[in-house]
Amino acid sequence: MAEAVPVRCPACLRENGYTAPVFPCACGSPVNPPLDLSAPPLLLTHRTWSDSWVTVRCTSCGRESEWPHPEVGCGSCGTVVRLPVHPLEQPEAGTGRGAGPGAGPGATAGAAGAVGSAGPAGPGRAGGPADQRGDASGEAAGAAAAGAPAPPPAADPAHIPLPPTAAVPRPAFRPVTIRTARDAVATAALYLRWLGFQDVRQPDGRPIPSAAVDLRAPGLVAQVDPTTAPAGLRAVECVWLNGLTASATSVYFSLAGYTEDARSRADDLGIPLFVMDLTGMPQPVNDPADALVGSGA
């Protein structure tokens with residue numbers, strides 16, 4: 001697992017933790033995009049298909065594959081930024097894994113000399129690690145023969161119950177790479193099931209002429225916006241009204257973030273907002289979303 005790195009939002013200057021996703025290579029080895037932390041993150045205002053993917057080389061088999069370009073949504077203002085990645089370096093001819101500056105006849109001879117100079121410990125010499133281990137085992141055996149009492153086993157710590165506000169234990173969410181709008185809807189449905197909502201599906205009947213896709217479950221009304229434009233105030237208010245009519249929780253997923261007035265209105269209405277990147281990992285962008293992730297359905 002890659003380590004989390006701080007990413008400063010260019011809009012509100014807040015630092016957000018980001019962990020580069022790990023993808024499976026065809027050979028079975030994990031690969032992750034090499035982040036260029038010396039370059040500033042780029043504000044994402046318009047998506048293009050070619051810029052949404054990056055070529056990554058597997059360090060085990062050398063295979064080059066395309067994976068989603070690393071992106072992160074700001075947890076304060078909802079701005080989505082794209083993280084720079086080191087470009088691929090072409091391997092030099094004649095280089096291999098086993099080749100190195102120190103590999104040669106001289107190094108082999110030096111190693112042989114070092115092995116030959118090591119001899120057995122003489123009478124006047126201190127014993128090696130094997131002798132010390134033998135002495136320690138002999139002392140332990142002598143203590144057991146003398147009938148010394150064995151140390152009592154460590155007592156198990158008392159069980160501490162989880163507080164009411166603690167996160168609900170659940171397995172880690174497995175994201176699905178988003179390549180199409182249908183993938184975005186499927187990822188949102190999987191995430192809602194992971195939160196604990198049952199029977200998440202698209203409602204039957206003629207769909208409403210809108211870019212957002214509805215998802216319904218008992219006690220839930222959700223909308224998924226797979227477009228490349230940030231979700232606005234009207235979209236947030238519509239999902240709130242739908243949830244109010246159905247006496248259900250309203251949740252919104254967006255692929256390109258939210259406008260400032262939409263985030264402010266969602267905070268006032270208590271609507272959880274999530275932003276998704278192309279790796280398929282939804283991220284909460286406001287306090288109601290954090291509370292939903294912590295408590296579950």
K.L.:
State yes or no: do Phe173 and Leu278 share one hydrophobic cluster built from I, L, V, M, F, W and Y residues joined by side-chain heavy-atom distances below 4.5 Å, directly or via other members?
P.N.:
yes
K.L.:
Flag the pair Val251 / Val221 as yes when at least one side-chain heavy-atom distance between them is below 4.5 Å, and no otherwise.
P.N.:
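A side-chain contact is absent here, since even the closest heavy-atom pair is not under 4.5 Å.
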K.L.:
Return the set of residues passing side chain to side chain donor-acceptor pair (under 3.5 Å) with Thr249 (not counting sequence neighbours), or none when no residue passes.
P.N.:
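Side chain to side chain donor-acceptor pair (under 3.5 Å) list for Thr249, sorted by chain: empty.
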K.L.:
Is there a path of hydrophobic side-chain contacts, each under 4.5 Å between heavy atoms, that joins Leu35 and Leu42?
P.N.:
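No; tracing contacts between hydrophobic side chains, which count when under 4.5 Å, never links both residues.
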K.L.:
Determine whether a donor-acceptor pair (N or O, by modelled atom type, separation under 3.5 Å) exists between the side chain of Tyr258 and the backbone of Cys77.
P.N.:
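No; zero donor-acceptor contacts below 3.5 Å.
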K.L.:
Is Val176 linked to Leu195 within one hydrophobic cluster, defined over Ile, Leu, Val, Met, Phe, Trp and Tyr using a side-chain heavy-atom separation of less than 4.5 Å?
P.N.:
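As far as the 4.5 Å side-chain criterion goes, Leu195 and Val176 are connected within one cluster.
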K.L.:
Does atom CG of Asp287 have more than 12 heavy-atom neighbours from other groups under 6.0 Å away?
P.N.:
no
K.L.:
Do Tyr18 and Pro70 touch side chain to side chain, with heavy atoms closer than 4.5 Å?
P.N.:
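Touching, per the 4.5 Å side-chain cut-off.
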K.L.:
Please answer whether the main-chain N or O of Ala291 pairs with a side-chain N or O of Ser295 as donor and acceptor at a distance below 3.5 Å.
P.N.:
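Checked: pair present.
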K.L.:
Grouping I, L, V, M, F, W and Y whenever their side-chain heavy atoms are under 4.5 Å apart, do Leu269 and Leu233 come out in a common cluster?
P.N.:
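Leu269 does not cluster with Leu233.
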K.L.:
Short question: side chain of Asn286, backbone of Leu273 - any donor-acceptor pair under 3.5 Å?
P.N.:
yes
K.L.:
Around atom CD of Glu15, are there more than 12 heavy atoms from other residues, nucleotides or ligands closer than 6.0 Å?
P.N.:
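Yes, the 6.0 Å shell around CD holds more than 12 heavy atoms from other groups.
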K.L.:
Check the pair Cys58 / Ser65 against side chain to side chain contact (heavy atoms under 4.5 Å, CB included), numbers first and verdict last.
P.N.:
CA-CA 8 Å; Cys58 177; Ser65 304; over 6 Å; no
K.L.:
Between Val213 and Gln223, is any pair of side-chain heavy atoms under 4.5 Å apart?
P.N.:
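Val213 vs Gln223: side chains apart.
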K.L.:
Quick one: do Val239 and Leu244 end up in the same hydrophobic cluster if we chain Ile, Leu, Val, Met, Phe, Trp and Tyr together by side-chain heavy atoms under 4.5 Å apart?
P.N.:
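Val239 clusters together with Leu244.
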K.L.:
Side chains of Arg201 and Asp199, heavy atoms from C-beta outward: is any pair under 4.5 Å?
P.N.:
yes
K.L.:
Is any side-chain heavy atom of Val224 closer than 4.5 Å to a side-chain heavy atom of Leu215?
P.N.:
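Side-chain contact under 4.5 Å: yes.
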K.L.:
I'd like to know whether Cys61 forms a side chain to side chain contact (heavy atoms under 4.5 Å, CB included) with Cys25, so could you lay out the CA-CA distance, the side-chain angles of the two residues, the decisive distance to 0.1 Å, and finally the verdict.
P.N.:
CA-CA 9 Å; Cys61 66; Cys25 179; 3.7 Å; yes
K.L.:
Just do the side chain to side chain contact (heavy atoms under 4.5 Å, CB included) check on Leu37 and Val5 with the steps written out, would you?
P.N.:
CA-CA 9 Å; Leu37 301 180; Val5 296; 4.0 Å; yes
K.L.:
Arg82: which residues meet the side chain to side chain donor-acceptor pair (under 3.5 Å) condition with it, sequence neighbours left out?
P.N.:
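Applying side chain to side chain donor-acceptor pair (under 3.5 Å) to Arg82 gives Glu71.
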K.L.:
Please report the C-alpha distance between Ile178 and Thr279 in whole Å, then the side-chain angles of each, then the deciding distance to 0.1 Å, and finally whether the side chain to side chain contact (heavy atoms under 4.5 Å, CB included) criterion is met.
P.N.:
CA-CA 6 Å; Ile178 297 177; Thr279 63; over 6 Å; no
K.L.:
Is there a side-chain contact between Val81 and Val7 in this structure, where contact means two heavy atoms from C-beta onward sitting under 4.5 Å apart?
P.N.:
yes
K.L.:
Indicate every side-chain donor-acceptor pair of residues 183-192 with a distance under 3.5 Å to a residue at least two apart or in another chain.
P.N.:
| residue | atom | partner | partner atom | Å |
| --- | --- | --- | --- | --- |
| Asp183 | OD2 | Arg179 | N | 3.0 |
| Asp183 | OD2 | Thr180 | N | 3.2 |
| Asp183 | OD2 | Thr180 | OG1 | 3.3 |
| Thr187 | OG1 | Asp183 | O | 2.9 |

K.L.:
Taking the side chain as everything from C-beta on, heavy atoms only, tell me whether Asn16 gets closer than 4.5 Å to Arg14.
P.N.:
yes
K.L.:
Less than 4.5 Å apart, side chain to side chain, heavy atoms only: is that true for Pro68 and Thr177?
P.N.:
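Yes - at least one pair of side-chain heavy atoms lies under 4.5 Å apart.
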K.L.:
Atom OG1 in Thr55, atom CD in Glu64: separation rounded to 0.5 Å?
P.N.:
7.0 Å
K.L.:
Angle between ring planes, Phe23 versus Trp67, binned at 30° and 60°: parallel, tilted or perpendicular?
P.N.:
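Parallel: the ring planes of Phe23 and Trp67 meet at under 30°.
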K.L.:
Where the side chain of Arg193 meets the backbone of Val200, is there a donor-acceptor pair that is under 3.5 Å apart?
P.N.:
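Side chain of Arg193 to backbone of Val200: a pair is present.
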